[in-house]
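Data first, discussion second: the structure below is written as structure tokens.
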Amino acid sequence: MSQTDPNCLFCKIVEGKIPSRKVYEDDDILAFHDIQPWAPMHFLLIPKQHVASLAQVGPEHAGVLGRMLALAPRLAAENGARPYPEGGHRVIINTGDDGGQEVHHLHLHVIGGPRPWRKG
Ligand code: AMP
Ligand code: ZN
């Protein structure tokens with residue numbers, strides 16, 4: 001694992017300096033439950049390497065992003081989302097201020113579970 005930003009909240013979670021409720025981990029990717037869930041299931045999938053947002057993504061990130069997207073439905077199914085098509089889940093990537101991004105370390109929100117949801 002290469003780049004980290006010492007001031008970044010999610011880099012601190014990757015390094016274990018801030019605790020998280022882990023959903024999944026491998027050499028390049030971490031998933032953990034959102035601290036303020038919108039729905040019965042709400043976790044975040046992040047690359048361990050610090051990338052500020054989707055706006056900074058280049059061809060060199062295509063592999064890890066592809067793996068994150070492919071993991072989303074599997075982890076959703078393992079964490080409370082009912083099967084597609086009755087169930088399913090939502091994947092969101094907020095990007096920049098207008099996109100509603102608050103934490104500037106690229107993350108996929110994976111949201112699901114039985115409705116009603118608190119938000120969305
Ligand atoms: P965004 O607005 O897309 O940047 O989303 C940031 C998300 O990170 C929000 O849904 C927060 O609830 C979540 N969050 C902030 N701090 C933590 C934390 N320490 N552990 C888990 N999730 C967090
Ligand atoms: Zn970071």
Side-chain angles (χ1 to χ4, degrees):
M1 213 249 312
S2 43
Q3 293 142 278
T4 59
D5 175 342
N7 300 314
C8 170
L9 176 67
F10 288 173
C11 285
K12 289 180 189 164
I13 286 181
V14 169
E15 292 172 321
K17 291 177 179 162
I18 291 177
S20 69
R21 286 172 53 226
K22 221 170 273 183
V23 167
Y24 174 86
E25 180 168 23
D26 65 30
D27 286 348
D28 305 313
I29 295 169
L30 180 67
F32 52 94
H33 292 282
D34 197 290
I35 209 166
Q36 284 188 297
W38 294 13
M41 181 199 75
H42 184 172
F43 62 86
L44 305 174
L45 260 170
I46 69 170
K48 286 188 170 177
Q49 181 187 342
H50 181 81
V51 180
S53 84
L54 195 62
Q56 279 75 34
V57 162
E60 69 276 24
H61 304 111
V64 72
L65 265 176
R67 292 191 47 238
M68 286 162 64
L69 264 184
L71 269 168
R74 192 191 105 194
L75 297 180
E78 290 172 3
N79 285 277
R82 294 182 301 135
Y84 175 92
E86 294 79 13
H89 58 277
R90 182 178 293 175
V91 176
I92 298 174
I93 306 179
N94 296 327
T95 306
D97 290 347
D98 286 349
Q101 183 178 8
E102 288 178 358
V103 177
H104 289 265
H105 179 130
L106 175 63
H107 51 282
L108 271 64
H109 293 259
V110 184
I111 300 167
R115 287 180 178 270
W117 295 357
R118 196 168 65 76
K119 221 167 120 178

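Keep in mind it's a predicted model, so treat the numbers as computed, not measured. Heavy-atom basis, side chains included; hydrogens, waters and symmetry copies ignored. Every number for a ligand or one of its atoms is a count from 1 in the order of the listing.
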Practice problem: State which residues pass side chain to side chain donor-acceptor pair (under 3.5 Å) with D26; sequence neighbours excluded, sorted by chain then number. | Solution: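 Here the qualifying residues are Y24, R67.
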Quiz item: Is the number of heavy atoms from other residues, nucleotides or ligands under 6.0 Å of E60 CD greater than 12?
Solution: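 More than 12 heavy atoms, drawn from other residues, nucleotides or ligands, come within 6.0 Å of this atom.
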Exercise. Flag yes if more than 12 heavy atoms outside R118 fall under 6.0 Å of its CZ atom; otherwise flag no.
Key: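 Enclosed: over 12 neighbouring heavy atoms sit under 6.0 Å from CZ of R118.
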Quiz item: Is the distance from the Zn ion (ligand 2) to the nearest N/O/S atom of C11 under 2.8 Å?
Solution: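 True for C11.
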Quiz prompt | Angular separation of H50 ND1 and C8 SG about the Zn ion (ligand 2), given to 10° | solution =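 Seen from the Zn ion (ligand 2), ND1 and SG are separated by roughly 110°.
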List below, pair by pair, the N or O atoms of ligand 1 and of the protein that are less than 3.5 Å apart, including the distance to 0.1 Å; reply 'none' if no pair qualifies.
from: ligand 1; atom 1: 2 (O); to: G100; atom 2: O; distance (Å): 3.0
from: ligand 1; atom 1: 2 (O); to: E102; atom 2: N; distance (Å): 3.3
from: ligand 1; atom 1: 3 (O); to: N94; atom 2: ND2; distance (Å): 2.9
from: ligand 1; atom 1: 3 (O); to: H107; atom 2: NE2; distance (Å): 2.8
from: ligand 1; atom 1: 3 (O); to: H109; atom 2: NE2; distance (Å): 2.8
from: ligand 1; atom 1: 4 (O); to: E102; atom 2: N; distance (Å): 2.7
from: ligand 1; atom 1: 4 (O); to: V103; atom 2: N; distance (Å): 2.8
from: ligand 1; atom 1: 4 (O); to: H107; atom 2: NE2; distance (Å): 3.1
from: ligand 1; atom 1: 5 (O); to: H107; atom 2: NE2; distance (Å): 3.2
from: ligand 1; atom 1: 5 (O); to: H109; atom 2: NE2; distance (Å): 3.3
from: ligand 1; atom 1: 10 (O); to: D34; atom 2: OD1; distance (Å): 3.2
from: ligand 1; atom 1: 10 (O); to: D34; atom 2: OD2; distance (Å): 2.6
from: ligand 1; atom 1: 12 (O); to: D34; atom 2: OD1; distance (Å): 2.5
from: ligand 1; atom 1: 22 (N); to: I35; atom 2: N; distance (Å): 3.2

Quiz item: Out of curiosity, does F32 fall in the hydrophobic cluster containing L45 (side-chain heavy atoms, cut-off under 4.5 Å, transitive links)?
Solution: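 No, it is not one cluster - the side chains of L45 and F32 are not joined through contacts under 4.5 Å.
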Quiz item: For the Zn ion (ligand 2), what is the closest N, O or S atom on H105?
Solution: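 The nearest such atom is ND1.
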Quiz item: So do the side chains of I29 and M68 get within less than 4.5 Å of each other, counting heavy atoms only?
Solution: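 Counting from C-beta outward, I29 and M68 do come under 4.5 Å.
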Exercise. Check whether the side chains of H109 and H42 place a donor and an acceptor atom closer than 3.5 Å, and report yes or no.
Key: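 Yes, because at least one side-chain N or O of H109 sits under 3.5 Å from a partner of the opposite role on H42.
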Quiz prompt | Test: E15 and K12 ion pair at under 4.0 Å | solution =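 Result for this pair is no, no salt bridge flagged.
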